[in-house]
Asks: 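Here you go, one structure.
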Amino acid sequence: MSAITVEREASMATPRTEPAGIPMTRLTSIELRKMFDTRSGFWLMASIGIAAVLATGAVILFAADSDITFNSFAAAIGVPMTIILPMIAILSVTGEWSQRSGLTTFTLVPHRGRVIGAKAISAVGVGVVSMVIAFTIGAVGNLLGAAVTGNDLVWDLSLANLFYIAVANVLGMLMGFMLGVLIRNSPGAIVGYFVYSFLVPTLSGLLAASQDWYHDVQGWFDFQFSSSQLFDGALTGQEWAHLGVSGLIWLIIPLTVGLVLVMRAEVK
Amino acid sequence: MITIESLTKRYGRFTAVDDVTFTASPGRVTGFLGPNGAGKSTTMRVMVGLTTPTSGEVRVSGRHYSDLPNPGLEVGVLLDASAQHAGRTGREILTIAQRTMGLPRRRVDEMLDRVSLSENEAGRRVRNYSLGMRQRLGIATALIGEPEVLILDEPANGLDPAGIRWMRDLLRSYADQGGTVLLSSHLLHEIEVIADDLVLIGNGRIVAQGTKAELLHAAGTVVRSASGKLLAQALEAGGISVTLSPDGSVRTTADPARVGQVALGAGIALTELKSADGAGLEEMFLELTAETQREGAAA
C-alpha cells in the first residue's frame, strides 16, 4: 500500500463533526422553489397574473358602466383563482409521487411530515401572495375602468372584505392540498377537486332546494356553501360554526387520514 | 458501515425479504447480487427509510437512517435514476439536493464536472435524458454531500462500456479512501469485477455471502489435456471426483495445485489448468434465476 493511499484513508477515517439538522425554513424555501422550477409550474404561477389581467380587461370591456366597481373586478378575478390556486397546491404534493421525485426528496429528508408541512406553508404563502397580486390588479383595473368610462370611482369592498375573500381562496387551496395528500396522484386529485368543489355543492344545493330538513342544516354539512359565505363579508357566530364543522368533515378529517397514509405508505 | 439485522418484509402473505442479515464494511465494495424480484430493491428501500420493515433493523454508520440529522451528508443514495421530475433540468435537480444539504453553490458545478455532464446537458430537462445521463445525474446527487456510505441500486444500468468503466473506477477509489459502497446488480460479471464482498440473494433469502476470493475459491478447477477421458480417469483414480464436459474439459471442486500434482503422478501432460473463477458462482446464480426466468431450459 502506497503512502498516498494511507494518507487518503486517514482523511476519510477522521471522525466527522456531527452535521447540523435541516431547518424548516430551508425546507420551505426548497419546496417553494420546486413550485416554480418546471415549465408547467412556472406557467401555472404566471397564469395567476395572466388570468387576473384578462379578467380585469373583460370587466372593463364588457361590464355595464354602472358595474365598474371594485367588487366586480374582485369577483371576476376570483373565478380563475378558485381553480388555479388549488391546482398549484395539488401538484406541489402529487408531483413527488406522480413524477417519483419523492424517492430523492424523502431520502434526503427522512421525515415526511416535515416535507408535507413545508409544502403546506409554501402553498399557503403562494395563495396569500397571489391574492394580494390579484387584488392589486383588480384595483388598477378599477382605476382604469373609471377613467375609461368617466364614472366615479367605487371602492365597494372594505379591507375586511378582502381579508375574508383571501381566506375563502386559501381554504379552497387547502382543499386541493388535502386531496393531493389523500390521493397522491395528479390526475386523480384534480378530478377529485372538481367533484369536491362543483359536483358535491351542486348536489347539496339541489337537495337543499327540495328537502326542507336539509335546507336547515346545509351549513353544517356543505363546506363550499359555508365557506362561500366569506365572499359576502363578515360571518355571524353561527356561520363561523358552520364553517368549522363542515371544514372538520370535508378538510381536517380527510387531511388527517391522508397524512397517516403518507407516513405509512411505501415510496417506490 | 451498513448493518442489516434479521430484516424481513412481508406484503400480505408474500415475503419479499426473508430474515436478511449482512454487513457492508468501510473500505470495501459490497456487491448485492440477485435476479430481478429477489428483494434487492426492497432491502435498499428499507435501508433509507422509504419502506418500513415488518421486522429487523438496519443501521447506517451505527444509527437508524431517520436519526441522521442531514442524511445526504452521510449516505449517498441512488435507488432509481428514472425517478426524477421530468420537467426539471439536471442542474436544477442537483441544485435542490445542494440546497437541501446546505452545501455551497459551487458544489453543483464540481459534481456536474465529476460525472462528465456538460453545461449544455445540465441545462436540458431530464425528460430528454438518456438512461445513462440519468444515472450520471443520480450519481452526482448521491456524491454531492461527500458521504461516507454509498447505496446504489443497479447504477450501471444504461451506461455504455466506457461509462461502466468510469463507474467502476469511481467506486473503487471511493472504497479505497475508506468509504462504504453497497451496490446491487442482477449481472454477475458486472459485479464480479468490482466487488470485494458478495451477498447473493434469491427469493428474499441470502443464499451465499463472503469475500469474492472465498466464493470464487469454492468454485474449483477447470483442467484439460489431449484426452479428457484419460485425464478424468486418472483424477478419479487419484481420489478426485470430476465431471467431464462435452467440450473435453474436466471440472472438479479440488484446487488447481492438487489436480496438477495428481496429473503429474499419472504422467498426463496438461494443456490447461486454471481456477474455475466464478463458474460455480455462476451456476449458483443461474439456479437462482431459473425460477424467475422464462427461458428455464437455458439455466
Side-chain angles (χ1 to χ4, degrees), chain A residues 1-2 4-23 25-27 29-34 36-44 91 94-115 118 263-268, chain B residues 9 11 26-27 41-42 45-52 61 64-89 91-93 95-97 99-102 125-127 138 141-142 145-148 151 173-180:
Chain A
M1 193 178 284
S2 72
I4 295 167
T5 328
V6 173
E7 206 174 304
R8 284 159 100 201
E9 270 182 16
S11 75
M12 200 173 260
T14 45
R16 301 179 157 207
T17 48
E18 163 102 7
I22 305 171
T25 46
R26 195 195 291 166
L27 280 185
S29 77
I30 289 162
E31 289 306 331
L32 196 60
R33 183 187 177 108
K34 281 156 75 175
F36 289 87
D37 69 358
T38 60
R39 261 185 214 141
S40 53
F42 175 80
W43 284 108
L44 199 55
L91 294 176
T94 55
E96 301 285 1
W97 280 270
S98 284
Q99 294 281 345
R100 300 184 62 222
S101 51
L103 223 59
T104 308
T105 308
F106 297 123
T107 305
L108 290 180
V109 186
H111 302 278
R112 299 180 199 171
R114 296 188 69 207
V115 175
M263 297 301 162
R264 290 198 188 155
E266 226 180 334
V267 182
K268 283 194 168 184
Chain B
K9 175 66 186 177
Y11 297 98
S41 298
T42 307
R45 276 205 312 276
V46 171
M47 284 179 196
V48 299
L50 294 177
T51 294
T52 329
S61 306
H64 291 289
Y65 189 86
S66 61
D67 292 338
L68 301 173
N70 193 343
L73 299 179
E74 299 183 60
V75 190
V77 183
L78 172 57
L79 294 185
D80 185 344
S82 297
Q84 281 304 348
H85 197 301
R88 293 200 178 107
T89 64
R91 171 180 292 278
E92 177 62 20
I93 285 169
T95 306
I96 290 172
R99 290 179 57 129
T100 306
M101 294 177 211
R125 315 246 160 209
V126 168
R127 78 169 96 253
T141 314
E146 296 184 314
E148 289 172 303
I151 298 176
S173 75
Y174 207 82
D176 288 345
Q177 289 172 50
T180 305

Asks: Less than 4.5 Å to any heavy atom of chain A: does that hold for the side chain of Thr89(B), its backbone, both, or neither?
Replies: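 Thr89(B) has no heavy atom closer than 4.5 Å to chain A.
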
Asks: Where does Ala142(B) contact chain A at under 4.5 Å (heavy atoms): side chain, backbone, both or neither?
Replies: neither

Asks: Have Glu74(B) and Ser61(B) got a donor and an acceptor in their side chains that come within less than 3.5 Å?
Replies: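 Looking only at side-chain atoms, Ser61(B) and Glu74(B) do not form any donor-acceptor pair under 3.5 Å.
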
Asks: Could you tell me whether the side chain of Arg88(B) and the main chain of Thr38(A) form a donor-acceptor pair under 3.5 Å?
Replies: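 Pair absent, no side-chain N/O of Arg88(B) close to backbone of Thr38(A).
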
Asks: Between His111(A) (side chain only) and Gly113(A) (backbone N and O only), is there a donor and an acceptor less than 3.5 Å apart?
Replies: no

Asks: Taking side chain as everything from C-beta outward and backbone as N, CA, C, O, which of these in Thr107(A) sits under 4.5 Å from a heavy atom of chain B? Side chain, backbone, both or neither.
Replies: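 For Thr107(A), backbone and side chain are both near chain B.
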
Asks: What part of Arg26(A) gets within 4.5 angstrom of chain B, counting heavy atoms only: side chain, backbone, both, or neither?
Replies: side chain

Asks: Among Val109(A), Asp37(A), Thr104(A), which residue forms the greatest number of heavy-atom pairs with chain B at distances under 4.5 Å?
Replies: Asp37(A)

Asks: Under 4.5 Å heavy-atom distance to chain B, tell me which part of Arg264(A) shows up: side chain, backbone, both or neither.
Replies: backbone

Asks: I'd like to know if the side chain of Arg45(B) and the backbone of Leu79(B) have a donor-acceptor N/O pair within less than 3.5 Å.
Replies: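 Such a contact is absent between Arg45(B) side chain and Leu79(B) backbone.
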
Asks: Decide yes or no on side chain to side chain donor-acceptor pair (under 3.5 Å) for Ser101(A) and Gln84(B), but give the supporting numbers first.
Replies: CA-CA 5 Å; Ser101(A) 51; Gln84(B) 281 304 348; 5.8 Å; no

Asks: Pick one of side chain, backbone, both or neither for Ile22(A), based on which atoms fall under 4.5 Å of a heavy atom in chain B.
Replies: both

Asks: Heavy-atom distance under 4.5 Å to chain A: side chain of Thr52(B), backbone, both or neither?
Replies: side chain

Asks: Quick check: closest heavy atoms across Thr105(A) and Glu96(A), and the distance to 0.1 Å?
Replies: OG1-OE1, 2.7 Å

Asks: Looking at Ser82(B), Gly102(B), Gly27(B), which has the largest count of heavy-atom pairs under 4.5 Å with chain A?
Replies: Gly102(B)

Asks: Tell me the salt bridge (charged side-chain N to carboxylate O under 4.0 Å, His left out) pairs involving residues 100-109 of chain A, sequence neighbours left out?
Replies: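 Counting only pairs at least two positions apart or across chains, the salt bridge (charged side-chain N to carboxylate O under 4.0 Å, His left out) contacts touching residues 100-109 of chain A are Arg100(A)-Asp80(B).
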
Asks: When heavy-atom pairs shorter than 4.5 Å are enumerated against chain A, which of Ser66(B), Gly72(B), Ser41(B) gives the highest number?
Replies: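 Going by pairs under 4.5 Å, I would pick Ser66(B).
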
